[in-house]
Structures are given as structure tokens and as C-alpha cells.
Amino acid sequence: MMMKVRAAARNFLKSEAHALLTRINRVESFALHTPMVPAATIPLPAQTAIEVHLSSCRMRLRDMIHGYLRWLDGPEAVHTPQAVAHRRFSLLRLRFIAILTQLDIFANVLNQRSEHDTGVWLSGLDVFAADALSPAETYRSLPPVICYLDRGAGAAIRRARTRLPGGDPNPVAVIQVPRERMIGSGIASSLVHEVGHQASAVLDFEASLRPLLGQAVMNAGHDRMAWLCWQRWISEILADFWSVARLGVIGTMGLMSVVSLPRPFVFRVDLEDPHPSPYIRVKLSCAMGQAIYPNPQWEVISKLWESFYPLEGLDERKRAIFAGLERNIPKFASMLLEHRPKSLEGRSLMQAVASADRMPERLRSAFAAWRRSPDMMKSVAPTLAFAVIGQAKMDSMISPKEESKLLSDLLKFWALKITLDTSAICADVSRSEKQKLII
């Protein structure tokens with residue numbers, strides 16, 4: 001009887017292993033079955049990185065399955081308990097499931113590229129995201145960034161080089177953008193915030209700041225609670241800083257839109273949550289904006305936020321917490337903006353990320369020039385274009401309908417341009433011929 005059971009177990013496991021091998025061989029490259037117009041394709045470096053990653057995963061699994069089958073046919077398996085042989089197969093199956101989960105993650109991104117208009121807009125957002133990350137390029141090699149739409153009010157990122165299901169490193173940064181923000185300048189705030197998480201990780205901002213924050217907590221005295229909050233919330237604050245530094249006022253206005261929630265949520269303080277209390281988060285964003293791009297508008301936004309969520313009615317403990325946080329905003333903001341991590345080679349965070357062309361008056365001048373010559377907006381960096389349009393929105397110089405039309409046109413232009421740039425490089429098309437195609 002035991003011999004029959006052993007033979008049956010071997011035959012079952014061998015059959016299942018061959019079936020697993022058959023299924024993994026049916027998993028094909030995205031390039032063979034994902035339809036989209038050329039302008040909606042993801043950037044070539046991202047596509048290559050994803051295909052190489054998934055191909056390597058499939059190849060390693062095939063080798064593992066072939067090794068398992070050789071082991072089953074070998075002398076060692078004869079003396080191995082069936083439970084052990086089955087456990088080894090179960091691990092192979094779990095590995096296959098992990099690869100399919102990774103495939104689905106990237107399929108969610110790629111499948112939307114076949115949607116009319118949406119695919120091209122997403123390709124334009126890829127270009128925008130790459131530009132938002134570009135200040136880090138001076139100091140570190142950067143991963144490709146790709147975007148997709150999903151439900152919900154907030155954005156999210158699966159950072160490059162973090163672990164995918166199964167433990168493999170993610171070859172690209174994947175940013176989930178809320179569909180409800182398409183298309184308005186507020187989408188820039190969400191997207192650049194997520195880019196800020198990737199930049200912070202690449203440049204080791206958080207690791208560099210944590211010792212300073214730990215020391216500040218120890219020396220804070222009666223303000224210890226405020227500094228414990230800054231310490232806990234630093235990852236999200238760094239991403240908010242990146243958004244304001246790259247976009248100007250629309251970074252804060254977009255944040256305000258996202259965190260405009262029922263009052264109990266806005267005044268929630270939770271040290272288990274890395275996200276700052278929405279009330280103080282907007283106030284801090286205004287303070288950073290004022291320090292980076294000085295202008296009376298930041299005080300107007302801060303007072304506007306206070307009018308939406310007055311402190312009256314909070315219990316004494318909550319009011320004391322928020323009073324301590326607001327009291328320490330100037331000191332904390334100064335520490336953050338003037339911090340000089342080793343990765344920035346002597347520059348402060350503000351010097352490395354902020355740009356003088358995002359000053360409010362310069363953004364207003366640019367928008368006035370664009371009114372006279374609309375094609376000028378196509379010649380500037382994508383983040384600057386969003387910053388200009390966002391400032392115009394803040395100044396009530398542009399209607400929501402006009403804003404959406406402008407941004408839609410720009411996203412399509414950037415998608416087409418990057419497609420033609422890539423094609424020109426591959427086909428060795430001359431610059432003059434490529435320019436005719438764009439025009």
C-alpha cells in the first residue's frame with residue numbers, strides 16, 4: 001500500500017509540476033497582446049525594465065520547475081517523505097502566483113493605455129512625472145516612472161526598488177492617480193507628492209533627517225508632542241515639500257482639495273498614522289510655500305483654511321496640541337528647508353528642489369505671455385506649465401473649463417512629443433523632420 005501511495009504521490013506531483021510549467025509558458029510579453037496607440041505607450045525604459053523583469057522571473061521559475069522534476073526522477077526523492085516533496089511543489093506554485101500578481105500590477109497600468117483619450121493623457125502624465133522627479137537626477141540615477149488611474153480621492157505610489165509580491169525588487173515606480181482629478185491642475189499636486197516619496201527614498205532625505213528630529217524631540221521640553229508629530233509624519237511632509245517646491249501654489253491648493261474632509265478627520269491626530277493631521281498639514285504647506293516662494297497669497301490660503309475649519313469647539317487637549325504644532329511650524333520648516341543631506345553634495349533641500357521660475361510673479365508674467373502666444377506653453381518644462389496654470393487658477397484668471405482644455409492639450413502634446421522623440425532616436429530621423437511631424 002505504501003508503495004502505491006508513494007507512486008501516486010510522485011505521479012501527482014510530476015503532473016502538477018508539468019501543468020505549472022505549461023501555464024508559465026503561456027504567460028507572454030505585454031508587447032504581444034496589449035493594444036494601444038503609439039502615443040499612449042509607456043516610456044521605452046519603463047517598458048524594457050518591466051519586460052526584462054517579468055521575463056527573468058519566468059525564466060527563474062522554469063529553471064526551478066525543471067530542477068524539481070529532475071529531483072522527482074532522482075534517487076533522493078525515493079527516500080524523501082511525500083509531505084516534503086509536496087511542500088517543495090507548493091513553494092513553486094506560490095512563486096508562480098507571485099509572478100502573476102506582479103503581472104497584474106503592471107497590466108493595470110498598461111490596459112488603461114488602450115482607453116480612448118485616457119491612454120494618451122496617461123502617457124503625458126508619465127512625461128510630467130519624470131520632469132517632477134528630475135531634480136534628483138543631478139545626484140542619483142533615477143528609475144522610470146509610469147502612471148495609471150484608479151478610484152479614490154488620493155494618489156499612491158509603489159516605489160521603484162521596493163519589494164513586489166514574491167520579494168522581487170520593483171523595476172519601475174508606479175503611481176496611482178485618482179481618476180476624479182482628471183483633468184485639472186489639482187492632479188499635479190497628487191502626482192508630484194507621490195514623486196516626492198520616490199525622490200526622498202532615492203536621496204535618503206528621511207534617513208538623514210531622523211537623527212536631527214530625534215534630538216529635537218529630546219530637547220523640545222513642553223513642545224515634545226509637536227516634535228513627536230513631526231518625527232512621525234516626516235515621510236509625508238517631505239513629499240508635500242517636494243510638491244510645493246516643484247509646483248508653487250497649486251501644490252498647496254491641490255493638497256487642500258484632497259484633505260477637505262469632515263471635521264473629525266481634519267482634526268485627527270494619530271501617531272500610528274504617517275499622514276499628518278489634515279488641518280496642520282495645509283498650514284505647514286502654506287508655511288513652506290511662503291519660505292520658498294514669498295508672497296501674500298500664502299497667508300490668504302492659510303486664513304481661508306482656518307475659516308473652513310475653525311478651532312472653536314475642540315476640547316482643550318486637542319487645542320493645546322494644535323497650538324503647539326502651529327507654534328513650532330516656523331522652526332520645523334526652517335530645519336527642513338535648510339537641511340543639507342550628504343546626497344545633495346552641500347546643497348540644502350530648498351536649493352536643490354526649488355526653482356526661481358516658480359515665483360508667483362514670474363508665473364503670472366508667463367501666463368500673460370501665453371495669453372498672447374499660446375504656443376509658448378509647449379516650450380517649457382511640464383511642471384512649470386502646471387505651475388503657471390495653477391497660479392492662474394489661484395488668481396481666478398482661468399475658468400475650470402479652460403484649465404481642463406489647456407491641460408488636456410498639453411498632456412497630448414507631451415505624449416506625442418515623447419513618442420516622436422523615441423521614434424526619431426530609434427529610426428535616426430533628423431531633428432528638422434521630427435519638428436515637422438509635431439507641428
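- Remark: the backbone N or O of T252 is not paired with any side-chain donor or acceptor of S189 at under 3.5 angstrom.
- With hydrogens and angles left out, the side-chain atoms of N328 and W227 include a donor and acceptor closer than 3.5 Å.
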Report the C-alpha separation of I329 and W230 in whole Å, then their side-chain angles, then the decisive distance to 0.1 Å, and conclude whether the side chain to side chain contact (heavy atoms under 4.5 Å, CB included) test is met.
CA-CA 9 Å; I329 281 178; W230 303 137; 3.9 Å; yes

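- Under a 3.5 Å cut-off, the side chain of Q198 and the backbone N or O of A160 do form a donor-acceptor pair.
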Can you check salt bridge (Lys or Arg N to Asp or Glu O under 4.0 Å) on D117 and K412, steps first, answer last?
CA-CA 8 Å; D117 281 340; K412 289 179 179 179; 3.5 Å; yes

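- A donor-acceptor contact shorter than 3.5 Å links the side chain of Y293 to the backbone of A245.
- Remark: side-chain polar atoms of S200 are not paired, donor with acceptor, to backbone N or O of G196 under 3.5 angstrom.
- Of the options R163, R161, R58, R60, a salt bridge (Lys or Arg N to Asp or Glu O under 4.0 Å) to D168 is made by R60 and by none of the others.
- A salt bridge between R268 and D273 is present, with a side-chain N of the basic residue lying under 4.0 Å from a carboxylate O of the acidic one.
- With respect to D270 and R232, no salt bridge is recorded, no charged nitrogen being found less than 4.0 Å from a carboxylate O.
- Atom CD1 of I50 sits about 10.0 Å away from atom CG of L103, to the nearest 0.5 Å.
- For the atom pair L92 CG and I65 CD1, the distance stands at 6.0 Å (nearest 0.5 Å).
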Please walk me through it: do S408 and W121 pass side-chain hydrogen bond (donor to acceptor under 3.5 Å, both in side chains)?
CA-CA 7 Å; S408 174; W121 289 337; 3.0 Å; yes

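- Contact of the T48 side chain with the P45 side chain is not registered, since no non-hydrogen atoms from C-beta on lie closer than 4.5 Å.
- A side-chain N or O of T383 and one of D131 form a donor-acceptor pair less than 3.5 Å apart.
- No side-chain heavy atom of S15 sits under 4.5 Å from any side-chain heavy atom of N11.
- A salt bridge is defined here as a Lys NZ or Arg NE, NH1 or NH2 lying under 4.0 Å from an Asp or Glu carboxylate O, and R340 with E345 fails to meet this definition.
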Any chance you could lay out the side-chain hydrogen bond (donor to acceptor under 3.5 Å, both in side chains) test for E338 and S334, step after step, and finish with the verdict?
CA-CA 6 Å; E338 294 173 11; S334 177; 3.1 Å; yes

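- Salt bridge annotation for R210-D204: absent, with no cationic side-chain nitrogen under 4.0 angstrom from a carboxylate oxygen.
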Kindly indicate, with the supporting measurements, whether the criterion side-chain hydrogen bond (donor to acceptor under 3.5 Å, both in side chains) is fulfilled by S208 and K342.
CA-CA 8 Å; S208 177; K342 290 181 181 179; over 6 Å; no

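- The backbone N or O of A39 sits less than 3.5 Å from a side-chain atom of S123, completing a donor-acceptor pair.
- Taking every heavy atom of both residues into account, V249 and G390 meet most closely at CG1-O, 4.2 Å.
- Ring geometry for H86 against F89 counts as tilted: the plane angle lies between 30° and 60°, on a 0 to 90° scale.
- Taking CG of D223 as the reference point, atom SG of C229 lies at 11.0 Å (rounded to 0.5 Å).
- At a threshold of 4.5 Å between non-hydrogen side-chain atoms, the residues P382 and L411 do not count as touching.
- A side-chain donor from one of E51 and S29 sits under 3.5 Å from a side-chain acceptor of the other.
- Looking at Q102, its side chain does come within 3.5 Å of a backbone N or O of P165 through a donor-acceptor pair.
- Residue K318 qualifies as enclosed at atom NZ: its count of foreign heavy atoms under 6.0 Å is above 12.
- For the atom pair SG of C286 and CH2 of W305, the computed distance is 9.5 Å after rounding to the nearest 0.5 Å.
- Taking each heavy atom of V174 and V109 in turn, the nearest pair found is CG1-CG2, 3.6 Å.
- With hydrogens and angles disregarded, a donor-acceptor distance shorter than 3.5 Å links the side chain of T22 to the backbone of H18.
- Side chain of S348 to backbone of Q351: a donor-acceptor contact under 3.5 angstrom is found.
- Using cut-offs of 30° and 60° for the angle between ring planes, the H53 and F106 rings count as perpendicular.
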Run the side chain to side chain contact (heavy atoms under 4.5 Å, CB included) test on H193 and S190 for me, step by step, so that the C-alpha distance in whole Å, both residues' side-chain angles and the decisive distance to 0.1 Å come before the verdict.
CA-CA 5 Å; H193 172 91; S190 294; 5.8 Å; no

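- In the model, Y139 has a side-chain atom that pairs as donor or acceptor with a side-chain atom of R347 under 3.5 Å.
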Could you check I175 against Y148 for side chain to side chain contact (heavy atoms under 4.5 Å, CB included), going step by step and ending with a plain yes or no?
CA-CA 6 Å; I175 298 179; Y148 77 105; over 6 Å; no

Show, in sequence, the C-alpha distance, side-chain angles and deciding distance for R246 and V353, and conclude whether the side chain to side chain contact (heavy atoms under 4.5 Å, CB included) test is met.
CA-CA 7 Å; R246 297 296 287 147; V353 185; 3.7 Å; yes

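- Checked for salt-bridge contact, D240 and R281 meet the test: a charged N lies under 4.0 Å from a carboxylate O.
- The pair D73-K14 meets the salt-bridge criterion, with a side-chain N (NZ, NE, NH1 or NH2) lying under 4.0 Å from an Asp/Glu carboxylate O.
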side-chain hydrogen bond (donor to acceptor under 3.5 Å, both in side chains) for S235 and H197? Distances and angles first, verdict last.
CA-CA 7 Å; S235 63; H197 280 299; 5.2 Å; no

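- Looking at P43 and I146, their side chains come closer than 4.5 Å, going by heavy atoms from C-beta outward.
- The two residues G166 and R95 come nearest to each other via the heavy atoms O-NH1, 3.6 Å.
- In this structure, R179 places its CZ atom where more than 12 heavy-atom neighbours from other residues, nucleotides or ligands lie under 6.0 Å away.
- The pair D315-R319 does not count as a salt bridge, with every side-chain nitrogen at least 4.0 angstrom from each carboxylate oxygen.
- Two residues are said to be in side-chain contact when any heavy atoms from C-beta on lie closer than 4.5 Å; L91 and F96 fail this criterion.
- Using a 4.0 Å cut-off between charged nitrogen and carboxylate oxygen, R10 and E16 do not count as a salt-bridge pair.
- Looking only at distances, a side-chain donor or acceptor of W242 sits under 3.5 Å from a matching main-chain atom of A132.
- For the pair L384 and V380, the tightest heavy-atom approach, listed with the atom from each and the gap, is CD2-CB, 3.9 Å.
- Residues P178 and L149 are not in side-chain contact: their nearest non-hydrogen atoms beyond the backbone lie 4.5 Å or more apart.
- Atom CZ of residue F386 and atom CD1 of residue I250 lie 9.5 Å apart, to the nearest 0.5 angstrom.
- Atom NE2 of H339 and atom CZ of F241 lie 11.0 Å apart (nearest 0.5 Å).
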Can you list the steps and then say if F267 with Y279 is a ring-ring contact (aromatic ring centres under 6.0 Å, His included)?
CA-CA 6 Å; F267 288 108; Y279 178 81; 5.0 Å; yes

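- In this structure, the side chains of P278 and Y309 stay at 4.5 Å or more apart for every pair of heavy atoms.
- Counting only heavy atoms from C-beta outward, the side chains of M225 and V269 approach each other to under 4.5 Å.
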